[in-house]
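Worksheet: the structure to be examined is printed underneath.
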Amino acid sequence: MKVGYAIRKLRVGLNVSQRSFARSIGISQTSLSQIENGFKHPNAKTVRKVCDHICLPAELLFLLAIDETQVPEDKKAIYICVQPAIMQLVMKIIR
């Protein structure tokens, strides 16, 4: 699961700098960078802060964080079709 990657996709989609986003959720830019690049996993409090800040249920963040390698082979075709639509829906929700 790539929660940091999902956070980065959402942040970039909102056109917000890493520094500004980190400041708004109360963590350092370094911590956010480490999370987004997969060197550090966000704790539950940080996930909650991110989701509260962008008004997104944590379940949708975790759905975006699913990596294709985690999807069973017989479900990959569906995943590949549905994942972009989910991202578009989430971007509409948070804007």
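These numbers come from the heavy atoms of this one structure, side chains and all, not from hydrogens, waters or symmetry mates.
- Heavy-atom contacts from other residues, nucleotides or ligands closer than 6.0 Å to CG of N15 number 12 or fewer.
- Residues L14 and M91 approach most closely at N-CE, 3.9 Å, considering heavy atoms.
- In this structure, the side chain of R11 does not engage the main chain of A22 through any donor-acceptor pair within 3.5 Å.
- Atom NZ of K2 has 12 or fewer heavy atoms from other residues, nucleotides or ligands within 6.0 Å.
- Under the 3.5 Å distance criterion, the side-chain polar atoms of Y79 are matched with a main-chain donor or acceptor of I66.
- No side-chain heavy atom of Y5 sits less than 4.5 Å from a side-chain heavy atom of L64.
- Between V3 and H41 the shortest side-chain heavy-atom distance does not fall below 4.5 Å.
- Under a 3.5 Å cut-off, the side chain of N43 and the backbone N or O of K45 do form a donor-acceptor pair.
- A pairwise comparison of heavy atoms in S24 and H53 identifies OG-NE2, 3.2 Å as the closest pair.
- With values rounded to the nearest 0.5 angstrom, Q18 atom CD is found 5.0 Å from Q29 atom CD.
- Cluster annotation: I25 is not connected to V12 through the hydrophobic network of ILVMFWY side chains, with a link wherever side-chain heavy atoms come within less than 4.5 Å.
- At least one side-chain heavy atom of L61 sits under 4.5 Å from a side-chain heavy atom of L10.
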Show your working on side-chain contact (heavy atoms from CB on, under 4.5 Å) between R8 and I35 and close with a plain yes or no.
-> CA-CA 9 Å; R8 178 179 22 193; I35 289 168; over 6 Å; no
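- Across every non-hydrogen atom of I80 and P84, the tightest pair is O-CD, 3.2 Å.
- In the hydrophobic clustering of ILVMFWY residues, with side-chain heavy atoms under 4.5 Å counting as a link, M87 and F62 come out together.
- Evaluation of the side-chain contact (heavy atoms from CB on, under 4.5 Å) rule for E73 yields K76 as partners, not counting sequence neighbours.
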Under the side-chain contact (heavy atoms from CB on, under 4.5 Å) criterion, do L32 and I7 qualify, and how do the steps go?
-> CA-CA 9 Å; L32 181 58; I7 291 170; 4.2 Å; yes
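- A side-chain contact (heavy atoms from CB on, under 4.5 Å) with I94 holds for exactly one of L89, L60, I54; it is I54.
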